[in-house]
Amino acid sequence: MNDAVPALRALLTGSVVGLAVWDTDLRCVWANDALERYDGIAREQRLGRRPRDSLTGDSDRLEALIRRVLAGGHCVTGREYRVPAVAGKPRDRAFSASFVRLEDADGRILGVCMLILVVTDRRWAGDRLAVVSEAGARIGTTLDVMRTAQELADYTVPLIADYVTVDLTEAVRFGEEPLDRLGPSCGRVPKFRRAGRASVHTGAPESLWSIGEVVYVPETSPFTQVLYTGRPLLEPLLDTSHDTWLANDPARAAKIREFGMHSLLILPVHARGVLLGVAVFVRTSNPTPFDENDQLLAEELVARAALSLDNARRYTRERNTALALQRSLLPRRVHGGTAMEVAARYLPADAEDGVGGDWFDVIGLPGGRLALVVGDVVGHGVAAAATMGRLRTAIRTLADLDLPPGELLTRLDRTFIRLTEDEEAAETEIPSLGATCVYAVYDPATRKCTLALAGHPPPAVVHPDSGVSFPDLPHGTPLGLGMLAFPTAELDLPTGTLIALFSDGLVEDRHQDIDVGLRRLGRALTQRTASLEDLCTAAIATLPTTPPPDDVTLLLARGL
């Protein structure tokens, strides 16, 4: 057997077929690079070991099969070699395994050779519906268009192709409305960015562009043909002659030659009538050209991914709308004028999206007085931001009437109820949600603060000498119920006294009693610091988790 190894080495080094050889003692004496790419077992881990220790999947069954071939001499072909899911390859893969006994010229038995091939029809490798169903669990696990595109690429290598790229239009990344398809009237090709790529080679060296980079799309190429027509393009044998479109794309041509790309399948990625991008499937190591069955399976997988991509695009658009709405409605800076020093902090529950229903405001009133407001709308997203905007606008309008806090909240409650009724009558898609609010008015002349609560936590008061307290005030009912009037309370705020208005997200935690949260806040607010901004930072830092489970708003004010 040792005399045959050099000849086998020269014959098998560049093979695309996975091969391994076991001697008569069932010790592995040879394994090539292709087999390692298929089942992930390094050559060093395979050599010298029995089949049960050097193969994956049902290795005991395969060893018994190799024993029978070694003893009987009959070839076995088309047996399944299943590779379980591993890191980087999220699904089981199945190959066709064949076994043949090796003999020298004198008929002396040398061992058994195993050959592994990628199976393209996969009739024995599992039902097509099962593959598509599994794709539903693997593709679209988040509302991130880039992540979804990468999941599509990862899932289809090496299931369908040796190299896959997914490029999305710039509009998709930003949640904008894409085109239905390209056409001569559209002018130049829109900007595409690489959103996903995968390869049987580590690091996808076939790719000219990294994730997130702008992809060059030649005006005359199979890619633009797919974009113009909106139909797939199957090129079983890739034409690489010099008089094709590749003559004007030397970089791609060089990659095609370097990696032996021989079969091409390009699919438009579209959903709900809009074009999202293009998916490209290429075969290199697998010598079998793409056929109609491959195209059918790829189309099903891309269609499923496209729906997830479009959902992610729509979510991105809603998120951007809500962010813009919230930025336009929340004050960028708060000013206490000559009455108070103020500082505020807002921390959304969703740190990535930053869209919630909490709000704060500081409003100047006649006579040098100052109104302080903190509110909390149930929920997140566009609906919560829109409801928050309505309430903030209504409060500012009512504040101009210079009403006592209790009467202002009563009128705000009625206004909120009318808005809800109007939306129900119009069957609006953005319903009004429940909300709580605290409205306080500080008079620097008397150093008194009158306030009313609509289902909202009472403020914290930090006295210069006696520490922090949480006054026992009537909470009132949340906005939108229209049941009772909102009583007004009064607090004395001597010079140097700090008042803190906050939403319940700052002190409430489903794993702890609210008293624990109030003590956390009290300790933070009694720190010795001259800066309200530092106190805001200290209070937010006491949160058990970041991001918090609910939106957090804090408004600090101290009389001048």
Side-chain angles (χ1 to χ4, degrees), residues 11-19 31-43 81 83 86 88-91 93-96 115-122 125 149-150 152-167 194-211 215-216 218 221-223 226 232-242 244-246 249-267 278-295 297-298 301-302:
L11 178 64
L12 304 177
T13 299
S15 176
V16 296
V17 177
L19 296 127
N32 72 344
D33 294 338
L35 183 58
E36 180 178 341
R37 288 199 304 270
Y38 293 149
D39 65 11
I41 300 176
R43 181 184 292 107
Y81 180 48
V83 177
V86 295
K89 303 294 183 184
R91 68 177 308 276
R93 291 164 293 155
F95 303 89
S96 174
L115 301 89
I116 298 293
L117 294 172
V118 177
V119 178
T120 57
D121 62 16
R122 294 177 194 81
Q150 184 60 49
L152 171 61
D154 288 337
Y155 186 75
T156 50
V157 172
L159 177 68
I160 296 176
D162 300 314
Y163 170 55
V164 171
T165 62
V166 182
D167 300 327
R194 182 126 304 167
R197 64 178 189 178
S199 170
V200 294
H201 302 107
T202 303
E206 303 96 324
S207 179
L208 290 167
W209 297 277
S210 301
I211 299 298
V215 175
Y216 168 63
S221 68
F223 311 107
V226 169
L233 184 145
L234 172 61
E235 194 169 346
L237 298 177
L238 179 60
D239 186 0
T240 59
S241 56
H242 294 292
T244 65
W245 62 277
L246 289 170
D249 196 349
R252 272 195 178 94
K255 289 289 187 180
I256 289 173
R257 289 191 296 269
E258 178 183 357
F259 291 95
M261 302 180 187
H262 62 87
S263 192
L264 178 68
L265 173 61
I266 306 176
L267 299 180
V278 61
V280 179
F281 300 82
V282 178
R283 280 187 175 162
T284 55
S285 301
N286 184 352
T288 307
F290 287 118
D291 58 21
E292 289 77 7
N293 289 329
D294 296 312
Q295 178 179 331
L297 179 57
L301 298 178
V302 169

Ring pair (Phe, Tyr, Trp, His ring centres under 6.0 Å) filter on Phe223, not counting sequence neighbours, yields Trp245

Lys255 side chain to Pro250 main-chain N or O, any donor-acceptor pair under 3.5 Å? no

Determine the minimum heavy-atom distance between Arg252 and Pro218, stating which atoms define it. NH1-CD, 3.4 Å

Who are the side chain to side chain donor-acceptor pair (under 3.5 Å) partners of Glu36, not counting sequence neighbours? none

Considering all heavy atoms, the nearest Ser285-Val200 contact: OG-CG2, 4.1 Å

Let me see the working for His201 and Phe259 under ring pair (Phe, Tyr, Trp, His ring centres under 6.0 Å), right down to the final yes or no. CA-CA 10 Å; His201 302 107; Phe259 291 95; 5.6 Å; yes

With the side chain counted from C-beta on, respond yes when Ile256 and Leu238 share a heavy-atom pair under 4.5 Å apart, and no when they do not. yes

Would you name the heavy atoms of Thr240 and Thr244 that are closest together and state the gap between them? C-OG1, 4.5 Å

Of the non-hydrogen atoms in Ala204 and Ser199, which two are nearest, and what is the gap between them? CA-CB, 3.7 Å

Would you say the side-chain atoms of Asp291 and Gln295 include a donor-acceptor pair closer than 3.5 Å? no

Is it true that a side-chain atom of Gln150 and a backbone atom of Asp154 form a donor plus acceptor pair closer than 3.5 Å? no

Side chain proximity check, Leu265 to Leu233, heavy atoms < 4.5 angstrom: no

Flag side-chain contact, heavy atom, 4.5 Å: Tyr163 against Phe281: no

Between the main-chain N or O of Trp209 and the side-chain N or O of Arg197, is there a donor-acceptor pair closer than 3.5 Å? yes

Check whether any side-chain heavy atom of Phe290 sits under 4.5 Å from a side-chain heavy atom of Pro236, and report yes or no. no

Under the side-chain contact (heavy atoms from CB on, under 4.5 Å) criterion, do Val278 and Ile266 qualify, and how do the steps go? CA-CA 7 Å; Val278 61; Ile266 306 176; 3.3 Å; yes

Out of curiosity, Ser263 OG to Asn286 CG, how far, rounded to the nearest 0.5 Å? 8.5 Å

Run the side-chain hydrogen bond (donor to acceptor under 3.5 Å, both in side chains) test on Tyr81 and Asp39 for me, step by step, so that the C-alpha distance in whole Å, both residues' side-chain angles and the decisive distance to 0.1 Å come before the verdict. CA-CA 9 Å; Tyr81 180 48; Asp39 65 11; 2.8 Å; yes

Beyond-backbone contact of Ser207 with Arg194, side-chain heavy atoms, under 4.5 angstrom: yes

About how many Å separate CZ of Arg37 and OG1 of Thr202, when rounded to the nearest 0.5 Å? 10.0 Å

Where Arg43 and Ala31 come nearest, the two heavy atoms and their spacing: NE-O, 2.8 Å

Would you confirm whether the ring centroid of Phe95 sits within less than 6.0 angstrom of the ring centroid of Tyr38? yes

Show, in sequence, the C-alpha distance, side-chain angles and deciding distance for Val166 and Val280, and conclude whether the side-chain contact (heavy atoms from CB on, under 4.5 Å) test is met. CA-CA 7 Å; Val166 182; Val280 179; over 6 Å; no

Output all residues satisfying salt bridge (Lys or Arg N to Asp or Glu O under 4.0 Å) with Asp162, sequence neighbours left out; order by chain, then residue number. none

List the atom of Leu19, the atom of Leu35, and the distance in Å for their closest heavy-atom pair. O-CD2, 3.6 Å

Would a distance-only check, ignoring hydrogens and angles, find a side-chain to backbone donor-acceptor pair under 3.5 Å from Arg283 to Pro289? yes

From Leu152 CG over to Leu267 CG, what is the distance, rounded to the nearest 0.5 angstrom? 9.0 Å

